[in-house]
Amino acid sequence: MSNVVPGYAELHCLSNFSFLRGASHAEELVARAAELGYAALAITDECSLAGIVRAHVAAKEVGLKLLVGSEFRLADGPKLVLIARNRDGYGNLAALITLGRRRAGKGDYHLTRHDLASGVPDCLALWFAAPESSDDEARDFAATFPGRLWIAHERLLHSDDDERFAVLRRLAATHNLPLVATGDVHMHVRSRRPLQDL
């Protein structure tokens with residue numbers, strides 16, 4: 001039985017540069033993704049691009065497509081992951097990270113929905129809608145990221161997974177938004193779980 005997952009790209013993956021969350025080095029995550037046959041891997045550390053350089057070097061060595069992204073928890077809204085589509089998108093993503101970091105103390109950041117008003121050009125947006133997310137919120141994000149908004153679903157084996165998925169499917173169908181599976185990856189092997197729990 002092969003471990004290859006045809007056409008799968010992990011779009012939400014944190015390295016140990018997401019302090020107190022990620023438990024693996026970026027290069028370990030890249031090597032594991034290549035070993036599993038992933039089509040691509042997005043390193044999406046929280047409000048940071050710190051893991052990208054190491055991931056880039058490792059991805060070149062193993063021939064894996066690397067996507068550059070970052071996760072954001074908005075002060076007045078949901079969690080989003082933004083993924084740069086090109087060099088301009090990378091610059092826009094870096095500018096947003098700088099804005100958020102400059103507004104807060106060391107090790108923290110502060111961003112609001114207003115900061116996304118420009119739509120962060122040349123970036124794809126993954127929206128982690130909550131069960132209570134409204135149609136108005138879906139319309140607002142779809143208008144902010146026209147043609148570039150996906151609803152992300154992570155099946156994390158919580159008791160409300162089925163109900164949450166039903167809400168996401170309804171929002172996706174109602175607003176004609178793609179629904180994409182992501183893994184919320186924090187480690188490359190299970191043996192890192194104790195470190196991640198710490």
Side-chain angles (χ1 to χ4, degrees), residues 9-24 26 29 40-53 55-56 66-134 136-154 156 164 167-168 171-172 175 177-186 196:
E10 180 53 63
L11 301 177
H12 186 207
C13 182
L14 304 178
S15 79
N16 57 358
F17 284 104
S18 289
F19 297 113
L20 304 178
R21 294 180 66 201
S24 293
L29 295 162
L41 175 69
I43 298 293
T44 57
D45 286 311
E46 187 172 0
C47 197
S48 174
L49 297 172
I52 293 303
V53 173
H56 173 73
L66 178 68
L67 305 175
V68 177
S70 190
E71 175 193 284
F72 302 94
R73 293 175 188 273
L74 301 179
D76 60 347
K79 179 171 73 175
L80 295 170
V81 164
L82 300 179
I83 298 175
R85 297 169 72 179
N86 51 38
R87 187 179 296 266
D88 288 339
Y90 178 88
N92 295 329
L93 186 59
L96 183 66
I97 290 168
T98 301
L99 175 68
R101 292 289 182 184
R102 292 178 104 183
R103 284 190 183 150
K106 185 174 171 98
D108 204 359
Y109 67 98
H110 182 86
L111 291 168
T112 66
R113 290 176 69 164
H114 177 73
D115 298 315
L116 303 179
S118 71
V120 194
D122 294 305
C123 287
L124 298 172
L126 306 181
W127 172 37
F128 293 83
E132 65 275 8
S133 293
S134 68
D136 287 342
E137 190 174 26
R139 275 190 287 275
D140 287 348
F141 278 121
T144 301
F145 300 99
R148 297 180 289 122
L149 178 69
W150 299 345
I151 298 176
H153 175 59
E154 294 175 333
L156 302 177
R164 180 182 299 266
V167 169
L168 300 185
L171 285 170
H175 301 282
L177 296 170
L179 188 59
V180 63
T182 63
D184 195 20
V185 174
H186 291 127
Q196 202 272 331

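Note that the structure is a prediction, hence the values are computed from the model and not measured.
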All N/O donor-acceptor pairs, side-chain side in residues 87-99, below 3.5 Å, sequence neighbours left out:
from, atom 1, to, atom 2, distance (Å)
Asn92, ND2, Asp88, O, 3.2
Asn92, ND2, Pro121, O, 2.8
Thr98, OG1, Ala94, O, 2.9

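Closest of all the heavy-atom pairs between Gly51 and Ser15 is CA-OG, 4.3 Å. Heavy-atom minimum distance, Leu14 versus Thr44: CD2-O, 2.9 Å. For Pro131 against Val167, the heavy-atom pair with the smallest separation is O-CG1, 3.6 Å. Nearest heavy atoms, Leu49 versus Gly69: CD2-O, 3.8 Å. For the pair Ala42 and Ile83, the tightest heavy-atom approach, listed with the atom from each and the gap, is CB-CD1, 4.2 Å. What you find for Leu149 and Ala142 is that their closest heavy atoms are CD2-N, 3.5 Å.
The shortest side-chain heavy-atom distance between Ile52 and Phe17 does not fall under the 4.5 Å cut-off. Between Val180 and Ile151, the closest side-chain pair of non-hydrogen atoms is not below 4.5 Å. Between Trp150 and Pro178, the closest side-chain pair of non-hydrogen atoms falls below 4.5 Å. You'll find the side chain of Leu41 reaches within 4.5 Å of the side chain of Ile43, heavy atoms only.
Checking side-chain atoms of Ser18 against main-chain N and O of Glu46 turns up a donor-acceptor pair under 3.5 Å. The main-chain N or O of Pro78 is never found under 3.5 Å from a side-chain atom of Arg73 such that the two would form a donor-acceptor pair. Ser70 places a side-chain N or O within 3.5 Å of a backbone atom of Ser48 that can act as its donor or acceptor partner. Looking only at distances, a side-chain donor or acceptor of Arg148 sits under 3.5 Å from a matching main-chain atom of Cys123. With Thr144 contributing its side chain and Gly119 its backbone, the two residues share no donor-acceptor pair below 3.5 Å. Judged by distance alone, the side chain of Glu71 and the main-chain N or O of His12 form no donor-acceptor pair under 3.5 Å.
Residue Leu116 forms a side-chain contact (heavy atoms from CB on, under 4.5 Å) with just one option from Leu80, Leu111, Asp140, and that option is Leu80.
A centroid separation of 6.0 Å or more is found between the aromatic rings of Phe141 and His175.
Partners of Tyr109 according to the ring pair (Phe, Tyr, Trp, His ring centres under 6.0 Å) rule, which considers only residues two or more places apart in sequence or in another chain, do not exist here. Residues forming a ring pair (Phe, Tyr, Trp, His ring centres under 6.0 Å) with Phe72 (at least two apart in sequence, or on another chain): none.
Atom CG of Asp184 sits about 9.0 Å away from atom SG of Cys13, to the nearest 0.5 Å. With rounding to the nearest 0.5 Å, the separation of CG in Asp76 from NE2 in His110 is 7.5 Å. Separation of atoms CZ (Arg164) and CD (Glu132) is listed at 8.0 Å; rounding is to 0.5 Å. For the atom pair CG (Asp108) and SG (Cys47), the distance works out to 9.0 Å, reported to the nearest 0.5 Å. Annotation: the span from Leu168 atom CG to His153 atom NE2 amounts to 6.5 Å, rounded to 0.5 Å.
One finds a salt bridge joining Glu137 and Arg113 here, because a Lys/Arg side-chain nitrogen approaches an Asp/Glu carboxylate oxygen to under 4.0 Å.
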